[in-house]
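Numbering of ligands and ligand atoms starts at 1, following listing order.
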Amino acid sequence: MPPNESQHGPGFLSQFSASEDTGEHFSPVPDGYQRGRTKFVVVVGTVMSGLGKGIFSSSLAKLLKDKGLTVSPVKLEGYLNIDSGTLNPYRHGEVFVLDDGLETDMDLGTYERILNQNLSRSNFMTAGQIYTEILERERRGGYLGRDVQMIPHVTGAVKSKLRQLAMTGPKGKQIDVVFVEVGGTAGDYENGFYIEALRELAFEEGDDSTCFVALTYIIEPAILGEQKSKAAQLGMKRLMEAGVQPHIIACRAKNAVTTKVAQKISMFSNVPMRRVFSMHDRESIYVIPDAMRAEGLDREILSILRLHDRVDTVAEDRARGVWSGFASRLAATRDHKVTLGISGKYAALRDAYASIDKAVEHCGIEFGAEVNIRWLDSGDVESLARASSALDGIDALIVPGGFGSRGVEGKIQCVELARTKRIPFLGICLGFQVAVIEFARNVLGWKDAHSTEFNPNSGHAVISELPDQKRLEGIVGGTMRLGAQDVAILPGTLASFLHSGASLVRERFRHRYEVDPAFVTALETGGLAFSGRHSQHPIMQVLELPLSAHPYFIGAQFHPELTSRPLAPQPLFMGLIAAAIAQREPSFAQTALGRRWVRSAAPTSAATSRA
Ligand code: GLN
């Protein structure tokens with residue numbers, strides 16, 4: 001690592017000589033940065049959080065991306081954590097892992113899915129990252145005796161990072177539009193420096209460079225039965241007190257915002273009526289981009305930022321065609337119906353499994369299937385009898401990832417039932433590991449089989465932490481395998497069938513333990529196939545049972561849910577839902593979609609012959 005580079009980020013401070021920050025305007029600009037080339041759309045919430053700022057920003061970004069513009073979103077988090085890796089999914093929703101291994105919050109998943117675009121660590125900023133970099137530089141004497149201050153140093157760092165992000169366009173070009181989502185709401189203590197930094201940025205970048213969008217909320221108290229604008233007005237005031245005049249106001253509300261309310265908002269925040277938008281609840285998040293376009297939100301953004309001449313109308317027509325095809329599948333009647341059980345520790349909280357929920361939704365839309373999810377608390381099903389009643393009426397089972405021992409025995413029981421009762425099964429990460437444990441215990445007869453995560457003294461530690469393995473792979477510092485890696489797929493297997501014969505696929509990992517290679521031969525001889533592996537090392541990444549043993553039994557050491565997109569549902573999920581439909585309706589296997597996704601008795605011998 002170069003001496004002036006922080007371990008927590010791209011070392012943004014390293015590019016600027018110390019003399020640049022001796023003035024009052026600490027405003028470093030990357031080499032080659034062209035002011036005015038990149039435009040910034042800043043989305044700030046008022047009134048309350050939880051309004052779907054991420055969905056709003058990503059839908060808006062999608063509209064501009066569809067017009068042929070390059071876009072890159074960034075989420076600014078006020079918290080002091082460096083990343084989201086240590087956050088409890090109960091409190092904060094799932095941890096979303098990016099291709100480059102950064103652990104972020106679930107909003108980045110929303111951006112990746114809606115934009116159909118991979119993001120990286122430059123798309124996620126926390127106060128903790130910024131302070132750490134600044135304090136590390138301070139200790140190295142990087143501020144030449146100056147007192148280090150919130151303004152200009154912290155705000156300068158934020159601006160600098162945003163401009164660096166602007167530099168990351170394809171072929172070394174600047175991004176057309178950076179979408180900045182400020183976490184929390186205007187007036188929060190912890191995001192104040194972000195709002196100040198953005199105010200400064202807008203000033204420095206000049207006219208037509210930055211568009212502030214205030215996302216507010218119009219309350220409609222049941223006792224009054226009408227919409228009230230005062231909370232929104234007060235929220236807007238907080239933003240204006242911080243020196244930010246919004247250009248656009250988007251009003252979240254239960255019902256369409258009335259003209260009277262829109263007029264009040266317009267008048268009291270200096271925003272013309274044509275720039276006050278009703279963003280009321282819709283039946284699905286996927287119709288939001290079209291709803292925004294119908295109201296002219298994209299047109300106003302183009303005018304404010306003077307972007308009309310960068311629009312590619314041919315690209316826009318094409319993108320709109322693709323999206324409306326998707327939207328029509330969304331609206332089509334659901335001919336099939338399946339019930340999917342998901343057994344997890346955080347069964348109480350959908351947000352904790354947001355990406356799984358979405359991946360399943362993508363498949364449901366693709367197949368025209370209504371997929372009802374039954375959340376099973378694996379902590380409640382420690383016995384086989386309890387598991388059996390919990391799984392009653394279930395057409396498919398997912399055992400998702402997790403850490404810690406609570407509920408592990410329940411998950412093993414669920415896998416045993418899925419295996420013996422031929423219920424289509426997908427094990428994810430910990431779910432993959434418990435499938436190995438279950439097989440070792442109940443097929444190979446190693447009753448003490450376990451993972452060293454839960455029993456360090458097991459005589460058959462089929463899942464174990466293998467530091468040597470990690471060293472070979474060059475995993476340093478932390479012991480987690482994080483981020484995307486290539487997975488080599490064995491030909492002739494279910495995994496290969498699902499991936500249309502691709503020999504390498506790229507998937508995202510977040511785990512510490514893995515299958516101990518010492519047991520692989522015995523497991524394979526017993527009938528468990530490892531059909532996906534690390535391309536160089538003996539690391540098992542996909543497991544499956546042959547068709548002769550089970551219609552659909554597959555597990556992944558990675559997290560397939562993180563790469564599923566509305567326009568490209570993830571194959572392991574597609575296979576699972578297809579198998580579930582085919583179990584209920586055998587004729588489904590003969591349809592075009594069925595032939596693509598349901599493995600039939602075609603030769604799949606390689607899956608078993610490898611042993
Ligand atoms: N606890 C397991 C491990 O660390 C599984 C992790 C997960 O499911 N994400 O390997």
Side-chain angles (χ1 to χ4, degrees), residues 83-90 92-99 101-106 109 342-347 349 351-357 359 378-379 397-412 414-415 425-438 440 449-456 458 461-470 473 475 477-485 487 507-517 519 530 532-534 537 539-543 554-564 570 572-573:
D83 58 39
S84 308
T86 54
L87 295 179
N88 178 347
Y90 260 134
H92 209 80
E94 75 175 2
V95 175
F96 192 86
V97 184
L98 301 181
D99 187 276
L102 189 74
E103 297 170 287
T104 70
D105 80 10
M106 53 191 282
I342 302 183
S343 93
K345 196 164 79 165
Y346 301 109
L349 253 193
D351 273 2
Y353 299 111
S355 292
I356 293 183
D357 199 29
S378 49
L397 175 71
I398 290 179
V399 176
F403 294 83
S405 59
R406 198 182 85 82
V408 165
E409 288 303 322
K411 288 178 181 175
I412 296 173
C414 289
V415 176
F425 167 78
L426 169 60
I428 297 174
C429 207
L430 181 61
F432 163 96
Q433 297 173 356
V434 296
V436 174
I437 296 167
E438 192 279 327
H450 223 317
S451 161
T452 54
E453 183 177 5
F454 314 117
N455 177 6
S458 162
V462 288
I463 306 293
S464 169
E465 197 171 15
L466 299 165
D468 285 353
Q469 192 74 271
K470 306 247 159 76
E473 275 186 274
I475 295 177
T479 52
M480 285 255 243
R481 178 176 286 114
L482 278 173
Q485 280 185 3
V487 178
E507 289 289 350
R508 298 189 193 169
F509 292 80
R510 180 176 185 247
H511 70 113
R512 191 165 283 128
Y513 299 84
E514 58 194 90
V515 180
D516 187 332
F519 295 102
F530 289 103
R533 298 169 181 228
H534 191 286
H537 306 296
I539 300 176
M540 304 303 122
Q541 297 179 327
V542 182
L543 65 76
I554 200 162
Q557 182 62 83
F558 48 83
H559 286 273
E561 72 276 22
L562 301 181
T563 52
S564 189
Q570 208 283 341
L572 304 192
F573 283 88

_Straight-line distance of Ile463 CD1 to Thr452 OG1, nearest 0.5 Å_ = 9.0 Å
*Report the residues that fulfil salt bridge (Lys or Arg N to Asp or Glu O under 4.0 Å) with Asp99, sequence neighbours left out, ordered by chain and then residue number.*
Arg506
_His559 and Arg508: side chain donor to acceptor below 3.5 Å_ = no
_Phe96 backbone acceptor or donor facing Thr104 side chain under 3.5 Å_ = yes
*How far apart are the C-alpha atoms of Lys411 and Glu438, what are their side-chain angles, what is the distance that settles it, and do they pass the salt bridge (Lys or Arg N to Asp or Glu O under 4.0 Å) test?*
CA-CA 9 Å; Lys411 288 178 181 175; Glu438 192 279 327; over 6 Å; no
*Around ligand 1, what residues show up once you keep those with a heavy atom under 4.0 Å from it?*
Gly401, Gly402, Phe403, Cys429, Leu430, Gln433, Glu453, Arg510, His511, Arg512, Tyr513, His559
_Residues Glu94 and Ser355: side-chain donor-acceptor under 3.5 angstrom_ = yes
